Colleague: 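Supplied in structure tokens, the structure appears directly below.
Because the structure is a prediction, the values reported are computed rather than measured.
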Number of protein chains: 2
Amino acid sequence: MTTPGRGLHGRVLDALGPAITAGEYPPGSVLRTDELAQRFDVSRSVMREAVRVLESMHLVESRRRVGVTVRPRAEWNVYDPQVIRWRLAGSDRPQQLRSLTVLRSAVEPVAAALTATHATAEQCAELTRCALGMVATSRGNRLEDYLVHDVAFHRVILTASGNEMFARLGDVVAEVLAGRTHHEVMFEDPDPAAVTLHVQVAEAVREGDPVRAERLTREITVGALQELDILAP
Amino acid sequence: MTTPGRGLHGRVLDALGPAITAGEYPPGSVLRTDELAQRFDVSRSVMREAVRVLESMHLVESRRRVGVTVRPRAEWNVYDPQVIRWRLAGSDRPQQLRSLTVLRSAVEPVAAALTATHATAEQCAELTRCALGMVATSRGNRLEDYLVHDVAFHRVILTASGNEMFARLGDVVAEVLAGRTHHEVMFEDPDPAAVTLHVQVAEAVREGDPVRAERLTREITVGALQELDILAP
DNA sequence: TGTGACAAATAAGTCTGACTTTTTGGCTTC
DNA sequence: GAAGCCAAAAAGTCAGACTTATTTGTCACA
């Protein structure tokens with residue numbers, strides 16, 4: 001992902017950010033810049049920079065005479081990739097994984113429809129390559145190789161949609177898929193039906209059939225929801 | 001919205017952020033911290049804090065010996081409310097409004113379905129109040145009052161969905177709706193059909209009918225897309 | 001001619017200490 | 001008990017000195 005610990009203030013962030021998102025400092029907690037600077041053994045200037053970044057993520061609020069206050073979760077910038085990463089690394093990983101999967105289920109089908117409408121020939125080819133790669137690695141306990149193609153597939157769908165907001169969710173989807181493979185529900189070879197669906201989505205995009213691409217992608221995301229027991233049976 | 005100009009570094013951000021998102025400093029441009037500090041007449045420490053925030057938004061990258069480089073648009077954190085506000089205030093307002101509307105069209109229907117599944121009685125009542133408010137203000141050139149109820153309606157849908165990621169889009173939707181009323185396509189009373197759809201969505205949610213709520217909300221968002229000529233005819 | 005190491009220049013990064021400003025909470029006073 | 005004033009506290013700001021990493025250019029050597 002992104003380079004961690006870029007400079008001293010980055011080091012501080014990597015310690016303080018996860019602590020806050022994990023609820024170690026619950027909302028309403030008050031921190032003091034000087035004290036934090038001492039605790040992390042950095043100068044006040046470095047500490048201030050870190051606080052400013054946390055502030056821009058709406059994780060904390062800094063006010064004169066009172067200090068640095070942790071904000072309620074509802075105000076956090078939950079779309080900030082850094083915040084997402086911190087939360088995925090901490091105790092509310094399951095909760096984060098669930099809400100991201102629901103987001104996926106809303107966005108990806110629409111993105112697939114858009115991609116079917118105006119994907120370039122090159123993007124179609126790339127999509128097909130990814131799907132075939134998934135087929136090739138879907139058996140024989142090659143989960144890690146499968147993941148690479150899976151991530152690439154969804155990334156193409158999101159970027160080829162031509163919508164910048166969708167495109168930026170590529171990293172998020174990558175995190176979700178990686179999380180599923182590494183920590184959660186996938187223990188054996190992926191569901192053959194899911195693999196087939198990916199191949200069919202690539203087909204639909206190639207044929208320029210947005211309705212079919214959307215429907216098939218919706219089936220994929222429904223499967224992802226079911227894996228996490230989000231859908232009522 | 002949020003409080004602007006909170007401190008000196010905030011003042012600098014409000015000047016530099018829009019300048020960057022507007023393309024005044026195109027991607028690849030190199031700025032120097034000291035020079036910027038002079039230009040804005042602030043100390044280097046303040047300037048550094050501002051740069052750190054821009055960096056956390058992935059708008060710029062700061063590297064030793066080279067300076068502060070503007071990143072390509074594709075890497076910007078386009079979900080950061082501050083970035084969205086800057087872009088909406090600048091020259092690519094139309095482009096931003098379009099991509100946000102597409103995002104809405106993906107998210108809101110799914111959110112409505114979730115809301116129909118598990119909205120509290122209080123949330124149902126609030127939703128109905130909003131819909132009735134829209135009806136009451138839909139005639140007689142009361143666009144401003146109508147907007148208030150419209151925004152409230154969509155905010156309830158998004159927050160009552162129970163998904164934190166959806167809930168955080170409330171502000172974004174508010175910006176889009178306000179933008180439409182204030183600068184773009186709405187010159188006369190709102191489309192009566194759209195008003196009726198909102199009332200029906202409230203009904204469907206009250207009755208706990210997720211499928212109908214989703215379908216009706218999709219009709220609303222399709223209308224929004226058509227207003228911006230995004231859908232192929 | 002190309003390549004390696006080495007040196008100089010450059011701009012960000014860091015630290016420190018002094019000073020300013022705002023806010024709050026208590027205390028005085030009427 | 002309410003209004004207003006005072007003092008403490010913590011963030012905010014600034015200036016200057018110093019460190020460090022990175023790039024670029026140079027020069028010698030193969």
Side-chain angles (χ1 to χ4, degrees), chain A residues 2-17 19-20 24-72 75-76 82, chain B residues 2-17 19-20 24-72 75-76 82:
Chain A
T2 37
T3 343
R6 214 185 27 243
L8 257 192
H9 93 286
R11 224 82 70 72
V12 173
L13 277 176
D14 286 336
L16 202 49
I20 292 176
E24 203 169 310
Y25 304 95
S29 308
V30 176
L31 313 170
R32 262 159 305 143
T33 307
D34 304 29
E35 186 185 300
L36 289 174
Q38 278 196 359
R39 166 137 31 120
F40 290 108
D41 195 40
V42 295
S43 69
R44 288 195 315 279
S45 11
V46 167
M47 198 61 224
R48 303 193 92 261
E49 290 170 25
V51 169
R52 282 284 179 264
V53 172
L54 293 175
E55 201 175 29
S56 88
M57 295 167 174
H58 277 67
L59 256 48
V60 304
E61 192 187 358
S62 178
R63 275 172 50 199
R64 272 186 153 118
R65 161 70 205 223
V66 37
V68 178
T69 315
V70 177
R71 290 189 165 209
E75 296 176 11
W76 295 353
Q82 184 108 74
Chain B
T2 36
T3 344
R6 214 183 30 241
L8 256 192
H9 94 285
R11 224 81 72 71
V12 173
L13 278 176
D14 286 336
L16 202 49
I20 293 175
E24 203 168 311
Y25 304 94
S29 309
V30 176
L31 314 170
R32 264 158 303 145
T33 307
D34 304 29
E35 185 184 302
L36 290 174
Q38 277 196 359
R39 166 138 29 120
F40 291 108
D41 195 40
V42 295
S43 68
R44 288 200 315 280
S45 4
V46 168
M47 198 61 225
R48 303 195 91 260
E49 290 171 24
V51 168
R52 283 284 180 259
V53 172
L54 292 175
E55 202 176 29
S56 89
M57 295 167 174
H58 277 67
L59 256 48
V60 303
E61 191 187 0
S62 179
R63 275 172 51 198
R64 271 189 154 119
R65 162 70 207 222
V66 38
V68 178
T69 315
V70 178
R71 291 187 164 209
E75 296 177 10
W76 295 354
Q82 185 106 77

Colleague: Heavy-atom nearest nucleotide on DNA chain C for B/T33 versus A/R64: which residue maps closer to 5'?
Modeller: B/T33
Colleague: Over how many whole Å does the gap from A/E35 atom CD to D/dA9 atom C1' extend?
Modeller: 14 Å
Colleague: Using OP1 and OP2 only, check whether a side-chain N or O of B/S45 sits under 4.0 Å from D/dA15.
Modeller: no
Colleague: Within this structure, what is the CZ-to-C1' distance between A/R11 and C/dG13, rounded to whole angstrom?
Modeller: 12 Å
Colleague: Report the distance from atom CZ of B/R63 to atom CZ of A/R6, rounding to the nearest 0.5 Å.
Modeller: 11.0 Å
Colleague: Within the pair B/R44 and D/dC14, is there a side-chain N or O less than 4.0 Å away from OP1 or OP2?
Modeller: no
Colleague: Given D/dC14, D/dT23, C/dG13, identify the nucleotide with an atom nearest to the side chain of B/R48.
Modeller: C/dG13
Colleague: Does a side-chain N or O from A/R6 land closer than 4.0 Å to OP1 or OP2 of C/dA12, or not?
Modeller: no
Colleague: Please give, in whole Å, the distance from D/dA11 C1' to A/Q38 CD?
Modeller: 16 Å
Colleague: Rounded to the Å, how far apart are B/E49 CD and C/dT14 P?
Modeller: 13 Å
Colleague: Nearest whole angstrom, please: distance from the P of D/dT19 to the CG of A/L8.
Modeller: 16 Å
Colleague: Which of the following nucleotides, D/dG12, D/dT23, D/dA10, is nearest to the side chain of A/R32?
Modeller: D/dA10
Colleague: Rounding to an integer number of Å, can you tell me how far B/R65 CZ sits from D/dT20 P?
Modeller: 18 Å
Colleague: State which residue, out of A/V51, A/L54, A/L59, fulfils the side-chain contact (heavy atoms from CB on, under 4.5 Å) condition with A/V68.
Modeller: A/V51
Colleague: Between A/D41 and A/V66, who's closer to the 5' end of DNA chain C by nearest nucleotide?
Modeller: A/D41
Colleague: Between CG of B/L36 and CE of B/M47, what distance do you get to the nearest 0.5 Å?
Modeller: 4.0 Å
Colleague: Provide the closest heavy-atom pair for A/L31 versus A/Y25 in the form atom of the first, atom of the second, distance.
Modeller: CD2-CD2, 3.5 Å
Colleague: Salt-bridged, A/R52 to A/E55, with N to O below 4.0 Å?
Modeller: yes
Colleague: Measure the CD1-CH2 distance between A/I20 and A/W76 for me, rounded to the nearest 0.5 Å.
Modeller: 8.0 Å
Colleague: At how many degrees, to 10°, do the end axes of the helix from C/dT1-D/dA30 to C/dC30-D/dG1 meet when each uses five pairs?
Modeller: 10°
Colleague: Could you tell me the separation between the CG atom of B/D34 and the C1' atom of D/dC14, rounded to a whole number of Å?
Modeller: 14 Å
Colleague: D/dG12 P sits how many Å from A/M47 CE, rounded?
Modeller: 12 Å
Colleague: Measure from the side-chain heavy atoms of B/V46 and tell me the nearest of D/dC14, C/dT16, D/dA11.
Modeller: D/dC14
Colleague: Counting only heavy atoms not in A/E75, do more than 12 sit closer than 6.0 Å to its CD atom?
Modeller: yes
